[in-house]
Amino acid sequence: QVQLVESGGGLVQAGGSLRLSCVISGRTFSNWAMGWFRQAPGKEREFIAAIRWSGGRTDYGDSVKGRFTISRDKAKNTVYLQMNSLKPEDTAVYYCAASTNYFSGSLYYPKSYEYWGQGTQVTVSS
């Protein structure tokens, strides 16, 4: 089993920054990746970013490219999401997730992830 615990959410003014963390515990896998998604009220869960755990290759959703950065610290079993130039439309619950057997193109979709954290609220005021 894998447990994911997010932290770092909060209230920030537009233009500000936040860094989310997701600590991973439990078993690890030979071919896995971590992703960040978000979900605003009344909207579908949206892909934000993903990182392959071994090689570090990253992908980003169009709405956050150039503003958000995903990274991981293997020694700490932690994945981060650095969010800069935040906008009110970034307001949502942010989730980290683990995909233990991904393939090309799969990391954009929530159904590709087997494990999810509980989420952390990010609110951006105008």
Peer 1: So Met83 and Arg67, side-chain contact (heavy atoms from CB on, under 4.5 Å) or not? Walk me through it.
Peer 2: CA-CA 6 Å; Met83 305 186 294; Arg67 300 189 297 126; over 6 Å; no
Peer 1: Between Thr120 (side chain) and Glu6 (backbone), is there a donor-acceptor pair under 3.5 Å?
Peer 2: no
Peer 1: I'd like to know if Val2 and Leu20 are part of one continuous hydrophobic network [Ile/Leu/Val/Met/Phe/Trp/Tyr, side-chain heavy atoms within less than 4.5 Å].
Peer 2: yes
Peer 1: Give the intermediate values and the outcome of side-chain contact (heavy atoms from CB on, under 4.5 Å) for residues Leu11 and Gln121.
Peer 2: CA-CA 8 Å; Leu11 174 65; Gln121 176 71 46; over 6 Å; no
Peer 1: Look up atom CD in Gln13 and atom OG in Ser125, then write down how far apart they are to the nearest 0.5 Å.
Peer 2: 5.0 Å
Peer 1: Check whether any side-chain heavy atom of Arg52 lies under 4.5 Å from a side-chain heavy atom of Leu107, and answer yes or no.
Peer 2: yes
Peer 1: Do Ile51 and Tyr60 belong together in a cluster built from hydrophobic side chains that touch within less than 4.5 Å?
Peer 2: yes
Peer 1: Between Arg38 and Ser63, is the side-chain contact (heavy atoms from CB on, under 4.5 Å) condition met? List the steps.
Peer 2: CA-CA 12 Å; Arg38 68 186 180 190; Ser63 63; 3.4 Å; yes
Peer 1: Counting only heavy atoms not in Lys74 (residues, nucleotides, ligands), do more than 12 fall under 6.0 Å from its NZ?
Peer 2: yes
Peer 1: Determine whether Leu81 and Tyr115 fall in the same hydrophobic cluster, where Ile, Leu, Val, Met, Phe, Trp and Tyr are linked whenever their side-chain heavy atoms lie under 4.5 Å apart.
Peer 2: yes
Peer 1: Backbone N or O of Val124 within a donor-acceptor pair of the Thr91 side chain at under 3.5 Å?
Peer 2: yes
Peer 1: Which heavy atom in Thr100 sits nearest to a heavy atom in Trp32, and how many Å separate them?
Peer 2: CA-CB, 3.8 Å
Peer 1: What's the shortest heavy-atom distance between Ser126 and Ala14, and which atoms?
Peer 2: CA-CB, 4.4 Å
Peer 1: Do Ile24 and Arg72 have side-chain heavy atoms sitting under 4.5 Å apart?
Peer 2: no
Peer 1: I need the minimum non-hydrogen distance between Ala40 and Ala92, along with the two atoms involved.
Peer 2: N-CB, 3.9 Å
Peer 1: Give me the atom names and distance for the closest heavy-atom approach of Met34 to Val79.
Peer 2: CE-CG1, 4.0 Å
Peer 1: So, Gln118 side chain and Val5 main chain: donor-acceptor pair closer than 3.5 Å or not?
Peer 2: no
Peer 1: If you take all heavy atoms of Gly61 and Phe47, which pair is closest and at what distance?
Peer 2: N-CE2, 3.6 Å
Peer 1: Looking only at non-hydrogen atoms, find the nearest pair between Asp62 and Lys65 and report the distance.
Peer 2: OD1-NZ, 3.2 Å
Peer 1: Check whether any side-chain heavy atom of Asn31 sits under 4.5 Å from a side-chain heavy atom of Asn101, and report yes or no.
Peer 2: yes
Peer 1: Going through the distances and angles, do Asp90 and Lys87 end up as a salt bridge (charged side-chain N to carboxylate O under 4.0 Å, His left out)?
Peer 2: CA-CA 5 Å; Asp90 293 318; Lys87 305 175 183 179; over 6 Å; no
Peer 1: Say you draw a straight line from CD1 of Ile70 to CD1 of Ile48; how long is it, rounded to the nearest 0.5 Å?
Peer 2: 10.0 Å
Peer 1: Identify whether Trp36 and Phe68 are in the same connected component of the hydrophobic contact network (ILVMFWY, side-chain heavy atoms under 4.5 Å).
Peer 2: yes
Peer 1: Under 4.5 Å between side-chain heavy atoms, hopping through other hydrophobics if needed: is there a path connecting Leu18 to Tyr80?
Peer 2: no
Peer 1: Side chains of Asn77 and Trp53: closer than 4.5 Å at any heavy-atom pair?
Peer 2: yes
Peer 1: Given Phe37, which of Tyr95, Tyr94, Tyr113 fulfils the ring pair (Phe, Tyr, Trp, His ring centres under 6.0 Å) condition?
Peer 2: Tyr113
